[in-house]
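Take a look at the structure set out below.
From a predicted model like this one, the values you see are computed outputs, not experimental measurements.
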Amino acid sequence: MIYSYSRLSLYETCPYRFYIKYILGKSEPVTKPLALGKAVHKAIELKINGETEAEAIAAGLIEADFHPEVTGEEMQQLLSRAPMEVGETEVHFQLPLGSGISLQGYVDWIKKDQFKDWKSNWRPYGPNETWQLMLYAWALMKVRGLKQIRGALYFLRFRREEAYVYSLLEAVKARDWALRLAEEIELKISCLDSFSDMKSFLFPATPGSHCKHCPFVLDCYSY
Amino acid sequence: MSTVEKKVLTNEEAMKVAAEVERLEAAVKQMKADLKTYVDQNGPLQAGDKIWNYSTTVSWDFDPQRLRELALNITVEGLNPWELLTLPAASIKKLGWDEAALLQYGNKKESKRFDSKKA
């Protein structure tokens, strides 16, 4: 399995949801926040690369598969709040984490030693409240041979940037977090091959406020 | 005859119960959504001594220009309109008056509600 920040973060939040989604391969319904994020990212990317606002919004709506709750109006609002700075957009990276495990991700915007992740969230948060920014910083420094990098979360609704300058030494903490979780998952997957009835022991449900948004809550409640 | 003692949770137990409440509430919400879909397609469902179906709630939106007339007609009925017409909390908030100003017209009532909110 190739790991990404979102996969690891989901495993850390609830191993059982990770099991259903990534091991059983059960798909999750596309929620509005997910569809809107996808649409807005596409639109910003295209506008930075020279498309007109109307074309960018149309492409965003197509990208979100015309999700019924995603409107052109809301997209236009968010698009108008995005920083239109020239840079590389939607940059894919894939690199070894260690122990034969690979990490991949997509960075929304990069220019020299700076990168940004656009967020359409309703609640802004600090750059190190999750491991995402630090993990991306580590990956980009490795891939591009940099000693330090400035990473930022850009909250579109609030035109607010939460940034932090990472050194490689510091960012290695995020790599260690990712590697520890990925190794744990790999070990559990190999155990599952021999003891398939141990799924609830190996991937236990961890109830909490995140259950509110979990599409598998009924499977979880009755298993 | 012995009585059942009320259990006082330890901190660890309370954390587990709180997390379980979140899961149960999410599961109940999902179950009700599934029942609603069933009723939408098949009509009311009788399950045991309960019927699952839509019920109608009625509320009235009065024209602000005609409230004086409404109050007058309530008086004609022999009732005090000001006992019936109250200011909801949202309207008081909209007014933006501080407590001292509001205390000139009435008393503050406080009630406690037990629930969880985002930390």
Part of residues 13-21 of chain B lying next to chain A, heavy-atom separation under 4.5 Å: Ala19(B), Glu20(B)
Which residue is it: Lys116(A), Lys119(A), Glu90(A)? I am looking for the one with a side-chain contact (heavy atoms from CB on, under 4.5 Å) to Asp108(A). Glu90(A)
Which of these passes side-chain contact (heavy atoms from CB on, under 4.5 Å) with Leu102(B): Ile92(B), Leu87(B), Asn107(B)? Ile92(B)
Distance-only donor-acceptor hits, side chain of residues 178-186 of chain A, under 3.5 Å, sequence neighbours excluded:
unit_1, atom_1, unit_2, atom_2, d
Glu183(A), OE2, Ser99(A), OG, 2.5
Glu184(A), OE2, Tyr11(A), OH, 2.6
Glu186(A), OE2, Tyr3(A), OH, 2.7

Who are the side-chain contact (heavy atoms from CB on, under 4.5 Å) partners of Pro64(B), not counting sequence neighbours? none
Tell me which pairs pass salt bridge (Lys or Arg N to Asp or Glu O under 4.0 Å) where either residue lies in residues 103-119 of chain B, with sequence neighbours left out. Glu99(B)-Lys108(B), Lys108(B)-Glu110(B), Arg113(B)-Asp115(B)
Rounded at 0.5 Å granularity, tell me how far CH2 in Trp131(A) sits from CH2 in Trp177(A). 8.0 Å
